[in-house]
Amino acid sequence: MTSPTIRIRGLTKRFGDTIALGGLDLEVYPGEIFGYVGRNGAGKTTTIRILCGILDDFEGQVSVCGHDVATDSFAVKRLVGYVPETAALYDELTAMEFLRFVGTLYDLEETDLEGRAHTLLDCFGLAAEADSRLGTFSKGMRQKVLISGALLHDPEVLVLDEPLSGLDAHAVVVVKEVLTQLSRAGKTIFYSSHVLDVVERVCNRIALIDAGAIVASGSFDELQALARGGSLERIVTDLTSTGEHAATAARIVAAVRGTTPVAR
Amino acid sequence: MKARLFVFDRFARPLEAVGVDYRRFRAILGVKFALDGRRQHGWVQGSKRITPFTWSLIVHGGMGLWISALPLAIPSAFTAMTLSLSVVMVMLAFDLVADYSALLLDSTEATLLAARPVTARTLLAARLAHVGSYLTTYVGALALATAVVGTLRWGLRFLPAYLLSLAAAVVLVLATVTIVYLVIMRVVSRERLRDAILYAQLAMTVLTVAAYYLGSAVDVDSGLRIEDRAWIYFYPAAWLAGLPALALGRTSAQFWVLGALGILVPLLLALIVMRLAPRFRVDAADPIAVAPSRPSSIARTLARWTTRSATARAVFELVWVLAGRDRQFKTRTYPGLLAIVLFVVAFALLARSGVWGEQFPEVYANMHLFLLYYGILVIPTPILMVIYTDRPEAGWVYHGLPIERPGTALIAAVQVMFIRFVLPVFAIIAAVVLAMWGPRAIVDIALALATTVLVTFCFALITGRRLPFSAPPPGGASGTRAGAVIGGMTLVLLLGAGHFLLGRINAPLPQPWPVIAAIPVILMLAYLPARACASTRWSDIRHLPLA
């Protein structure tokens, strides 16, 4: 049997007295697009930061391609392509300069690096802006640069935190197709998002995290069987909320319109 | 914070009278003060270290002690106050141009406020009040000793007039600099605005240094009495000194005119600021479409020459490019560098004028050492400022990308700062020294260069091992620099004294061999902090933004 690319055993992460992750177990296999969904603050980004070797000081075992993240995060980082949740980039750099920086850190040869970077920017419709400063880019354009940076070194594992945020419809289709083709080529993709219909359509397997623990995982069909069927949005709602959406919305509208006392 | 807001509350009506929406003004100011406090304390992370702001107060207090000798040393109260207020205004101008311009032109709030119903006048008033409150605190530290000494010497009637002149000094400096910025915003296109502001800062630095020399060159032959000089009517510190002079009973027409100028000119400038305020742009410093930037071939070539690993090469190029473009870095670094060069050149010219050479030949013969070591003070500015940026979140790249040892990145950043800023400034000073003291100064220049390398790496350690362009600017003030300058000055003083003594030893070898022998020793010493920097691990790195 194929061994998992990502293996997480008993992962616990505390921030002071707060338990962000409580004994998480996960395995993701080569060629899988693994969807990771959950509400805000559930622990998705914390899991990703640990997986990429950014956060340390955790309990449990986490390995990527056989490398222990706790003891060899450098090796893990070399194998991972990472798109962070926030498109934070130095405004004063150009798109090309950012990709040069990233590619150099991945030890790409200069000519190879330039060629790949130009091609990626061209594919995302940014060829004309290659030498423009990132400060002048829209959120979607920055996201395209970040995705290019994550793909630049042909990583074994792609870890994506809200990768489609701000992208135009055309780019969304392109990125989804890229993910599908890379998974067919045997790459492992860890995909975290709130956009549930994309997760539903793109991912082979989905894990639902709530309050730092996996509450359900499996293929979309398996998750449907666990809940009352329907879309992934419906499944997530069934498994992680108390079903008070309408009441919450009514309270917000009432507060905004001044028809109920505002809490102080 | 509450105390400061309480003070501003007392001025609510006058502010409203000039068109400021006080409720919104207070809300903006409250957030600014709260953020300043959290940023400063964010750095110390619960430890007991002195905050950058406190360091700055200590430096200003130290300078204040020095100028408090003026009322005792100079018989004429007017002359003493003119000199004292000159120093206060120069310090204020440097604080404002080097540190607070970044606050005045802060763009981080643009996204928050641009879509809100806040007028440009209210926003500008809030920013000025924010900056002004810090300047007032610094003036307090600077003037405390003089206030005590002056009151003891001239009686209680001195104190209120002196405080009034200090308040006028704050308004005068703040309003002047603001008018310069507002005029620039009015006449310069948005594309050129950021460059224009930087040039204005550099020009103001030159003017400030020139004003200082005008003040310090108070004719030595005048018997330290300047009352009968015509230039005092054009010298702002003399206007302000007119106020305490009046309080001390010098009620001739001359002092009424000077005192009136001291009150009316700041008021007039403040009104002009409010008049121009609608021109203020909340997003003045925001990035805008600029012409495409060509890849820096210099950075690439130098990176290849000076670095050995891919990580070092990548960080070298990154830091080189950002140091040339990051507004935060440029506005806080370039004026300081220029000031040091100007001071050294001006001092050298003053020394050359003959007074020193004739009256104190021994001092003049060694004055080049003072200039070289004074120039070493340039080091802390770029080394300390390189860690700050307006976009600290972008520093996630260090954590998110494969960098095995952050020490490699630290050393690469130090190399950029050394090659791009420290070395050129040193070269200018060395050229001045060589031109004036001739070839015999070459050995001293060489030892001073070795010392520069040593001090550079020492300062790199002092920064607390933070990666380049990964931290938010310190709230309110870049007092970190002031704090490091105290430690650094002590180090430079000791090394300079050592150099001076070495130059007087003639056994076992005659001069210049003792100085030459010290060069490899200093370079070997420099290896120690350099190695400590290079071996920095991830666990040593403080305050790095996560992705």
Side-chain angles (χ1 to χ4, degrees), chain A residues 45-46 48-50 52-57 72-98 100-110 113-114 128-137 142 146 149-150 152-153 155 159 161, chain B residues 107 191 194 285-296 299-300 303-304 307 309-330 389-405 408-409 468-470 538-539 544-547:
Chain A
T45 299
T46 301
I48 283 176
R49 285 174 176 168
I50 291 171
C52 294
I54 294 170
L55 262 185
D56 51 15
D57 194 23
D72 199 2
S73 65
F74 179 64
V76 170
K77 286 177 185 177
R78 291 176 68 96
L79 295 166
V80 170
Y82 170 46
V83 175
E85 185 183 14
T86 51
L89 295 164
Y90 289 114
D91 287 345
E92 294 79 11
L93 289 184
T94 67
M96 197 61 206
E97 284 165 348
F98 175 74
R100 269 189 61 81
F101 173 69
V102 172
T104 309
L105 288 177
Y106 284 115
D107 264 335
L108 293 181
E109 289 297 327
E110 200 148 317
L113 193 168
E114 300 268 345
E129 282 81 24
D131 292 326
S132 296
R133 297 199 191 172
L134 294 168
T136 65
F137 279 28
R142 287 162 164 258
L146 276 173
L152 198 61
H153 62 297
V159 179
D161 199 349
Chain B
S107 67
E191 287 73 17
R194 291 202 287 181
D286 257 9
I288 35 90
V290 288
S293 306
R294 296 196 172 280
S296 171
R300 215 174 287 183
R304 262 194 228 111
T307 61
S309 69
T311 301
R313 203 167 67 243
V315 175
F316 187 101
E317 287 186 32
L318 175 85
V319 174
W320 186 281
V321 170
L322 289 179
R325 296 182 194 159
D326 188 282
R327 183 182 60 87
Q328 176 78 31
F329 179 81
K330 290 200 293 187
T389 176
D390 282 336
R391 293 276 179 271
E393 326 80 72
W396 70 268
V397 290
Y398 298 113
H399 257 329
L401 296 171
I403 294 177
E404 190 165 20
R405 277 184 303 137
T408 315
F469 299 106
S470 67
W538 281 114
S539 54
L544 191 61
L546 298 173

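Each chain gets a letter, A, B and so on, in the order its sequence line appears, and its residues count up from 1.
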Which label fits F98(A) and W396(B): parallel for a plane angle under 30°, tilted from 30 to 60°, or perpendicular past 60°? tilted
For a quick test of reading the model, state the closest non-hydrogen atom pair linking [X] to [Y] and the distance between them.
X	Y	result
A310(B)	D107(A)	CB-OD1, 3.1 Å
H399(B)	K77(A)	O-NZ, 2.6 Å
T104(A)	R313(B)	CG2-NH2, 3.8 Å
R78(A)	P402(B)	CG-CB, 3.7 Å
D91(A)	R391(B)	OD2-NE, 2.6 Å
L89(A)	A394(B)	C-CB, 3.5 Å

Can you confirm whether [X] sits close enough to [Y] that some side-chain heavy atom of one is under 4.5 Å from a side-chain heavy atom of the other?
X	Y	result
D56(A)	W538(B)	no
V102(A)	V397(B)	no
E97(A)	E317(B)	no

Only pairs of heavy atoms separated by less than 4.5 Å count here; which of L318(B), V315(B), T311(B) has the most with chain A? L318(B)
Which value, rounded to the nearest 0.5 Å, describes the distance between [X] atom [atom1] and [Y] atom [atom2]?
X	Y	atom1	atom2	value
L322(B)	E92(A)	CG	CD	6.0 Å
S539(B)	D57(A)	OG	CG	11.5 Å
C52(A)	L401(B)	SG	CG	10.0 Å

Measure E404(B) against the heavy atoms of chain A and call it side chain, backbone, both or neither at under 4.5 Å. both
Give a yes or no on whether the backbone of F469(B) and the side-chain of Y90(A) come within a donor-acceptor separation of less than 3.5 Å. yes
So that I can tick it off, tell me whether R142(A) and E393(B) are bridged by a salt bridge, with the cut-off set at under 4.0 angstrom between side-chain N and carboxylate O. no
Check this for me: does any side-chain nitrogen of one of E110(A) and R304(B) sit under 4.0 Å from a carboxylate oxygen of the other? yes
Heavy-atom distances under 4.5 Å only: say whether L146(A) touches chain B with side chain, backbone, both or neither. side chain
